[in-house]
Amino acid sequence: MEFFVEMVTTVPPGTSDDEVAEMRARESARAAELAAQGHLRRLWRPPLKPGEWRTWGLFSAAGPDELEAVLASMPLRVWRHDTVTPLTPHPSDPG
C-alpha cells in the first residue's frame, strides 16, 4: 500500500540549534535507510509560512500497522504530528 503523509514538526521551546542540527542529521540518515528499504518513496517541501516546518511524503508499507512502525522509527517523530492518508490506485492512472 502507498500512503501520503503530511508531517508537521514543532521544535520544543528552548531546544538549542545544535540539538536541532543533530536531530536533523539523524532524521536524514534514517530517511536514507527507509528509502533503501523501499518504505520512503518521495519527499516534498510544500509552500511554507515563516517559521513553519512541514514535509509531505509518499510511503510504502504492507498496511497501516507497518506504516506506523516506519514513522515511529524516524527520530523527528518525537517533535512531529503526522496526518496519514491511505492511497488507492485510480483507474485512469497512467502509471
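Since the model is a prediction, treat every value here as computed from it, not as a measurement.
Scanning all heavy atoms of the two residues, the minimum distance from Pro46 to Trp44 falls at CD-O, 3.5 Å. Shown here for Gly38 and Ser60, the closest heavy-atom pair between the two residues is O-CB, 3.4 Å.
Val78 and Val20 fall within a single hydrophobic cluster, where Ile, Leu, Val, Met, Phe, Trp and Tyr side chains are chained together by heavy-atom contacts under 4.5 Å. Hydrophobic clustering of Ile, Leu, Val, Met, Phe, Trp and Tyr side chains at less than 4.5 Å, counting indirect connections, keeps Met23 apart from Met74. Under the 4.5 Å side-chain heavy-atom criterion for ILVMFWY residues, no single connected hydrophobic cluster contains both Leu71 and Leu76.
Side-chain N or O atoms of Glu22 include none that pairs as donor or acceptor with a backbone N or O of Asp18 at under 3.5 Å. A donor-acceptor pair under 3.5 Å is absent between the side-chain atoms of Glu2 and the main chain of Leu87, judged by distance alone. Remark: side-chain polar atoms of His39 are not paired, donor with acceptor, to backbone N or O of Leu34 under 3.5 angstrom.
Side-chain contact between Thr9 and Arg54 is absent, with no heavy-atom pair separated by less than 4.5 Å. Taking the side chain as every heavy atom from C-beta outward, Leu43 and Met7 approach each other to under 4.5 Å. Between Trp79 and Thr10 there is no side-chain heavy-atom pair separated by less than 4.5 Å. Between Val5 and Leu58, the closest side-chain pair of non-hydrogen atoms is not below 4.5 Å. Side-chain contact between Phe4 and Thr83 is absent, with no heavy-atom pair separated by less than 4.5 Å. By the 4.5 Å heavy-atom criterion applied to side chains, Pro86 and Met1 are counted as neighbours.
The pair Glu68-Arg77 meets the salt-bridge criterion, with a side-chain N (NZ, NE, NH1 or NH2) lying under 4.0 Å from an Asp/Glu carboxylate O.
Judged by the 6.0 Å distance and 45° axis criteria, Arg24 is positioned over the aromatic ring of Trp53.
Within a 6.0 Å sphere centred on CG of Asp93, heavy atoms belonging to other residues, nucleotides or ligands number more than 12. More than 12 heavy atoms of other residues, nucleotides or ligands lie within 6.0 Å of CZ in Arg26, so this atom counts as buried by the packing criterion.
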**Request:** Given side-chain hydrogen bond (donor to acceptor under 3.5 Å, both in side chains), test Thr55 with Arg45 step by step and report yes or no.
**Result:** CA-CA 5 Å; Thr55 303; Arg45 176 75 65 211; 2.9 Å; yes
**Request:** Apply salt bridge (charged side-chain N to carboxylate O under 4.0 Å, His left out) to the pair Glu27 and Arg80, showing each step before the final yes or no.
**Result:** CA-CA 12 Å; Glu27 182 80 358; Arg80 203 173 69 211; 3.1 Å; yes
**Item:** Working for salt bridge (charged side-chain N to carboxylate O under 4.0 Å, His left out), residues Arg30 and Glu33
**Value:** CA-CA 5 Å; Arg30 181 63 182 141; Glu33 292 170 357; 2.9 Å; yes
